[in-house]
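First up is the structure itself, then whatever we jot down about it.
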Amino acid sequence: MPGIRYFYLGHESEKTESFGMEVGMGNQKSKNGKNADTKGKGEEKKTEEEKHREELIEKTGQVTLDKNDKKHKIHLITIIGEVEGHDNLNGASKTTKYEHILPELAAIEDSCEVDGLLILLNTMGGDVEAGLAIAEMIASLSKPTVSLVLGGSHSIGVPIAVSTDYSYIVPTGTMVIHPVRMNGMVIGVPQTFDYFKQIQNRITGFVCSHCKISKARLEELMMETGVLTKDVGTILVGQEAVNEGIINDVGGIKEAMQHLHEMIGDN
């Protein structure tokens, strides 16, 4: 009896140990499975965010820059091609639509997550009303703003470039300063030219109030006849725009981002 009893208890003990081992292995498998699921979901979420980011850049030319070590969220808006007004341009033209930009600027002002705004410009100009509307919206933002002229910021792109708190232009960037022009039929009466003068005063008034150039000097650059072969006006390249007091400094994306981070820190 004792031997049989001992054997029975020993057998039960082995069962218990074996069962305990299986339970332990089961818990380990469960943990590994849970970690794998969490990792998989994390990678899937990251992929979706990157996909959404790429789609946003492709459709609107906008993206939120939030991967920096300062933890600042900077919204990037690009003003490219022709600034489109009330009429749609043909599909072959690259355009910036003011009905896309204005709501986005309002959303930036309303957002507690966005710390600053960076504007990249490579535009040939375009509709005066639309360009001034964008410039006025940027100028009225409470968030720190910086603009960077890449390639060119011509015509109505000038008010947009100077509408930010601080502006940069790359060494090869250009700005074309010229008087107001109108497409289509023009009625040859004094009232037409008075209207042109009124529009031009709106532009020069805005530009001069947001940079260091005087109105007299700006109008002088507009009416220059010895620079453009088929038009009146002046081309300013890089440092020349800074020397005239239109742009604050010469620099690239590094300088623009660094200055914006400093402004956000001070703010």
Side-chain angles (χ1 to χ4, degrees), residues 59-62 75 77-110 117 119-143 145 147-165 167 174-211 213 215 218-219 221-223 228 231-234 236 241 246-247:
K59 291 180 179 179
T60 65
Q62 301 179 24
H75 195 81
I77 291 180
T78 56
I79 309 293
I80 61 171
E82 186 171 351
V83 178
E84 191 176 77
H86 302 304
D87 297 324
N88 290 327
L89 298 174
N90 65 73
S93 301
K94 286 185 179 294
T95 62
T96 295
K97 298 179 182 294
Y98 75 96
E99 67 267 27
H100 292 170
I101 302 297
L102 298 185
E104 190 62 38
L105 292 173
I108 291 170
E109 177 63 25
D110 185 61
L117 174 66
I119 306 286
L120 300 184
L121 294 117
N122 187 13
T123 175
M124 59 184 290
D127 187 86
V128 171
E129 302 286 347
L132 281 178
I134 294 172
E136 289 282 12
M137 281 283 285
I138 296 172
S140 63
L141 289 174
S142 63
K143 308 288 178 74
T145 56
S147 63
L148 174 59
V149 176
L150 301 162
S153 184
H154 307 154
S155 189
I156 202 62
V158 176
I160 299 176
V162 304
S163 65
T164 55
D165 298 324
S167 56
T174 60
M175 305 186 81
V176 176
I177 316 294
H178 66 73
V180 174
R181 295 175 297 196
M182 183 176 290
N183 296 325
M185 184 181 69
V186 176
I187 301 174
V189 293
Q191 290 86 341
T192 299
F193 297 101
D194 290 341
Y195 178 61
F196 274 31
K197 186 66 176 176
Q198 183 185 26
I199 295 174
Q200 190 163 298
N201 286 339
R202 290 165 60 197
I203 297 171
T204 55
F206 181 90
V207 172
C208 294
S209 64
H210 289 85
C211 65
I213 194 171
K215 185 177 180 181
L218 183 59
E219 289 180 345
L221 293 174
M222 283 181 169
M223 300 303 174
L228 301 177
D231 199 356
V232 293
T234 304
L236 301 175
I246 298 176
I247 299 296

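Note that the structure is a prediction, hence the values are computed from the model and not measured. All values below come from the heavy atoms of this structure, side chains included, with hydrogens, waters and symmetry mates left out.
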May I ask you to decide whether Lys97 forms a salt bridge with Glu82, counting only side-chain N to carboxylate O separations under 4.0 Å?
-> no
Going by heavy atoms in the side chains, are Ser155 and Val176 under 4.5 Å from each other?
-> no
dist Ile138:CD1 -> Leu105:CG (nearest 0.5 Å) comes out at 5.5 Å
Donor-acceptor side-chain pairing of Thr164 and Thr145 below 3.5 angstrom = no
What are the two closest non-hydrogen atoms of Leu102 and Met137, and how far apart are they?
-> O-CE, 3.3 Å
Please report the C-alpha distance between Val180 and Ile203 in whole Å, then the side-chain angles of each, then the deciding distance to 0.1 Å, and finally whether the side chain to side chain contact (heavy atoms under 4.5 Å, CB included) criterion is met.
-> CA-CA 9 Å; Val180 174; Ile203 297 171; 3.9 Å; yes
How long is the gap from OG1 on Thr192 to CE on Met185, to the nearest 0.5 Å?
-> 9.5 Å
Side-chain donor/acceptor of Thr123 to backbone N/O of Gly81, under 3.5 Å = yes
Stepwise side chain to side chain contact (heavy atoms under 4.5 Å, CB included) test for Asp231 and Arg181 = CA-CA 10 Å; Asp231 199 356; Arg181 295 175 297 196; 2.2 Å; yes
Should the heavy atoms of other residues, nucleotides or ligands under 6.0 Å from CE of Met124 be counted, would the total exceed 12?
-> no
For Gly152, does its backbone N or O pair with a side-chain atom of Asn122 as donor and acceptor, under 3.5 Å?
-> yes
Looking only at atom types and distance, does a side-chain atom of Thr174 sit under 3.5 Å from a main-chain N or O of Gly151, one as donor and one as acceptor?
-> yes
Given the rule in the side chain to side chain contact (heavy atoms under 4.5 Å, CB included) test, do Glu129 and Arg202 qualify, once you have shown the distances and angles that lead to the verdict?
-> CA-CA 10 Å; Glu129 302 286 347; Arg202 290 165 60 197; 3.2 Å; yes
Spell out, as yes or no, whether a donor-acceptor pair under 3.5 Å connects the side chain of Asp110 to the backbone of Ala106.
-> no
Is there a side-chain contact between Ile77 and Ile108, using heavy atoms and a 4.5 Å cut-off?
-> yes
Rounded distance [0.5 Å steps], OG in Ser153 versus CE in Met175 = 4.5 Å
Leu117 vs Leu141 side-chain heavy atoms within contact, under 4.5 Å | yes
Which heavy atom in Leu121 sits nearest to a heavy atom in Ser147, and how many Å separate them?
-> CD1-CB, 3.8 Å
Nearest non-hydrogen partners of Val207 and Val162, listed with the distance | CA-CG2, 4.2 Å
Could you verify whether a donor N or O on one side chain and an acceptor N or O on the other, from Ser142 and Glu109, lie under 3.5 Å apart?
-> yes
Should Ile177 and Val158 count as side-chain neighbours, where that means a heavy-atom distance under 4.5 Å?
-> yes
Spacing of CD1 belonging to Ile247 relative to CG belonging to Leu236, to within rounding of 0.5 Å | 9.5 Å
Looking at side-chain heavy atoms only, is the closest gap between Lys143 and His75 below 4.5 Å?
-> no
Main-chain N/O of Val83 paired with Thr96 side-chain donor or acceptor, under 3.5 Å = no
Backbone of Gln200 reached by a side-chain donor or acceptor of Thr204 within 3.5 Å = yes
Close side-chain approach of His100 to Glu84, heavy-atom, < 4.5 Å | no
So which heavy atom on Ser167 is nearest to which on Ala161, and how close?
-> CB-O, 3.6 Å
Spatial distance of atom CD (Gln191) from atom CG (Asp194) [nearest 0.5 Å] = 6.5 Å
When rounded to the nearest 0.5 angstrom, what is the spacing between CD in Glu99 and CD in Glu104?
-> 13.5 Å
Closest non-hydrogen atom pair between Pro159 and Leu132, with its separation | CB-CD2, 4.3 Å
Worked check of side chain to side chain contact (heavy atoms under 4.5 Å, CB included) between Glu136 and Phe206 | CA-CA 9 Å; Glu136 289 282 12; Phe206 181 90; 3.6 Å; yes
